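Here's the structure, in structure tokens; my notes come after.
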Amino acid sequence: MGSVEATNKDANGSPAEKNPTVVFVLGGPGSGKGTQCANIVDNFKFTHLSAGDLLRAEIKSGSENGTMIQNMIKEGKIVPSEVTIKLLQKAMKESGNDKFLIDGFPRNEENRAAFEKVTGIEPAFVLYFDCPEEEMERRLLSRNQGREDDNIETIRKRFKVFLESSLPVINYYDAKGKVRKINAARSVEEVFETVKGIFGSKNEKVISVSIACSVVSHFVIT
Ligand SMILES: Nc1ncnc2c1ncn2[C@@H]1O[C@H](COP(=O)(O)OP(=O)(O)OP(=O)(O)O)[C@@H](O)[C@H]1O
Ligand SMILES: Nc1ccn([C@H]2C[C@H](O)[C@@H](COP(=O)(O)O)O2)c(=O)n1
Ligand SMILES: [Mg+2]
């Protein structure tokens with residue numbers, strides 16, 4: 001079986017200049033995506049790109065899309081793919097790296113299909129942090145990072161969008177054997193132990209681990 005990287009193509013179907021390794025990091029709001037990505041970066045040679053962080057930076061930069069993005073985030077809605085993908089592509093280019101944790105993206109089918117069409121990139125695999133809503137709600141309400149969307153009204157809207165729009169994307173990748181579902185309702189350390197097992201002790205193991213694990217993707221890894 002060839003590596004996932006070798007199948008990446010650009011929009012014209014010719015081999016992309018670079019064949020980056022992309023891991024999508026998904027899970028409900030407050031499931032611990034950002035926390036675990038920071039741990040992965042500390043231990044493996046990945047660059048962490050959070051779609052939400054890039055959108056918040058775009059608001060702060062005073063860009064012409066800022067007000068639209070801010071309104072959508074306040075409502076817990078998903079910003080049009082065109083905007084988010086441009087930010088991701090720019091950040092990928094600027095990083096100088098070729099291994100990326102893309103956190104909080106794709107959030108819906110539009111995100112997923114547009115990213116694939118525009119970049120030609122297929123994820124090596126998808127980390128899915130599975131966590132009950134009550135636990136995610138507790139975490140978000142005590143996060144204290146001054147996020148405008150960490151209030152109970154917006155949190156409920158974000159949960160609804162996760163169930164209706166993001167879970168179908170996870171199911172799409174699960175059907176392709178690409179989802180590594182992790183029980184995220186444990187301590188940060190316990191969750192990271194499981195994450196480490198998936199990435200392997202050496203960065204180079206990521207792709208082969210991804211293929212070897214595909215047969216058990218529908219089980220929760222603890
Ligand atoms: N395993 C854990 N146990 C307890 N608290 C956690 C755990 N993981 C993360 N947290 C805390 O929960 C809050 C949310 O975590 P984090 O920001 O990583 O979630 P997220 O999935 O990135 O959320 P969002 O989608 O809203 O960006 C933070 O305050 C973080 O410190
Ligand atoms: N692909 C994405 C990712 C995020 N957003 C917006 C909407 C989210 O509620 C918000 C916060 O994201 P988070 O930091 O929780 O990952 O950002 C989006 O529109 N599209
Ligand atoms: Mg986050």
Side-chain angles (χ1 to χ4, degrees), residues 22 24-42 48-60 65-89 91 100-116 118-119 123 126-170 182-196 222:
V22 164
F24 288 145
V25 182
L26 301 177
S31 57
K33 301 180 294 296
T35 303
Q36 294 300 328
C37 283
N39 283 338
I40 297 166
V41 167
D42 285 347
H48 173 209
L49 300 177
S50 155
D53 287 350
L54 290 170
L55 290 167
R56 284 183 284 275
E58 189 68 358
I59 298 171
K60 275 202 183 138
N65 286 321
T67 308
M68 177 275 288
I69 298 171
Q70 188 167 28
N71 289 335
M72 299 212 67
I73 288 183
K74 260 194 221 155
E75 285 303 308
K77 290 184 181 160
I78 308 298
V79 172
S81 303
E82 190 194 345
V83 172
T84 316
I85 290 171
K86 273 196 189 130
L87 295 173
L88 285 169
Q89 284 184 301
F100 301 97
L101 300 167
I102 301 195
D103 161 3
F105 185 99
R107 272 300 222 279
N108 59 15
E109 173 57 21
E110 192 219 357
N111 272 183
R112 187 203 65 72
F115 185 82
E116 194 179 308
V118 171
T119 69
V126 175
L127 277 188
Y128 166 35
F129 292 108
D130 184 32
C131 196
E133 266 191 19
E134 312 80 70
E135 174 63 16
M136 295 194 287
E137 186 178 305
R138 256 193 304 277
R139 292 180 187 177
L140 293 175
L141 289 175
S142 56
R143 179 154 58 180
N144 274 331
Q145 286 178 0
R147 275 179 54 165
E148 275 195 273
D149 55 351
D150 280 351
N151 59 79
I152 193 63
E153 199 187 329
T154 311
I155 287 169
R156 298 238 158 98
K157 289 180 181 165
R158 290 156 72 199
F159 285 161
K160 189 165 185 286
V161 168
F162 175 71
L163 290 177
E164 290 176 356
S165 304
S166 308
L167 263 185
V169 173
I170 294 166
I182 295 165
N183 172 11
R186 297 173 293 160
S187 71
V188 172
E189 295 74 23
E190 285 170 322
V191 174
F192 189 57
E193 275 307 304
T194 306
V195 169
K196 265 199 289 195
T222 54

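Every number for a ligand or one of its atoms is a count from 1 in the order of the listing. Predicted model, so just to flag it, every value in this text is computed and none were measured.
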- Query: When you look at E82 and K86, which way does the salt bridge (charged side-chain N to carboxylate O under 4.0 Å, His left out) test go after all the steps?
  - Reply: CA-CA 6 Å; E82 190 194 345; K86 273 196 189 130; 3.4 Å; yes

ask   = Are the ring centres of F24 and F115 closer than 6.0 Å?
value =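 Aromatic pair counts; centres sit under 6.0 Å.
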
Lining ligand 1 at under 4.0 Å, by non-hydrogen atom distance, are residues G28, P29, G30, S31, G32, K33, G34, T35, R139, L140, R143, R147, R158, R186, S187, V188

**Request:** Would you tell me whether R186 and T194 have side-chain atoms, one donor and one acceptor, within less than 3.5 Å of each other?
**Result:**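 Yes, side-chain donor-acceptor contact under 3.5 Å.
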
With no hydrogens and no angle check, just 3.5 Å: does a side-chain donor-acceptor pair link E190 and S187? yes

So which of S166, S81, S165 actually passes side chain to side chain contact (heavy atoms under 4.5 Å, CB included) with R107?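 Answer after filtering S166, S81, S165: S166.
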
Q. Hey, is NZ on K157 packed in by over 12 heavy atoms from elsewhere, all under 6.0 Å?
A.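 More than 12 heavy atoms, drawn from other residues, nucleotides or ligands, come within 6.0 Å of this atom.
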
What are the distances between nitrogen or oxygen atoms of ligand 2 and protein nitrogen or oxygen atoms, counting only those under 3.5 Å?
| unit_1 | atom_1 | unit_2 | atom_2 | d |
| --- | --- | --- | --- | --- |
| ligand 2 | 1 (N) | G104 | O | 3.1 |
| ligand 2 | 1 (N) | N111 | OD1 | 3.1 |
| ligand 2 | 12 (O) | R107 | NH2 | 3.2 |
| ligand 2 | 14 (O) | R56 | NH1 | 3.2 |
| ligand 2 | 14 (O) | R56 | NH2 | 2.9 |
| ligand 2 | 14 (O) | R147 | NH1 | 3.2 |
| ligand 2 | 14 (O) | R147 | NH2 | 3.3 |
| ligand 2 | 15 (O) | R107 | NH2 | 3.2 |
| ligand 2 | 15 (O) | R147 | NH2 | 3.0 |
| ligand 2 | 16 (O) | R107 | NH1 | 3.1 |
| ligand 2 | 16 (O) | R107 | NH2 | 3.2 |
| ligand 2 | 19 (O) | V79 | N | 2.6 |

Worksheet item: Taking only residues two or more places apart in sequence, or in another chain, which ones meet N151 in a side-chain hydrogen bond (donor to acceptor under 3.5 Å, both in side chains)?
Response: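 side-chain hydrogen bond (donor to acceptor under 3.5 Å, both in side chains) list for N151, sorted by chain: T154.
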
For F129, give me all partners under ring-ring contact (aromatic ring centres under 6.0 Å, His included), at least two apart in sequence or on another chain.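 If we apply the ring-ring contact (aromatic ring centres under 6.0 Å, His included) test to F129, skipping adjacent residues, there are no hits.
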
How far apart are the C-alpha atoms of D149 and R158, what are their side-chain angles, what is the distance that settles it, and do they pass the salt bridge (charged side-chain N to carboxylate O under 4.0 Å, His left out) test?
-> CA-CA 9 Å; D149 55 351; R158 290 156 72 199; 3.6 Å; yes

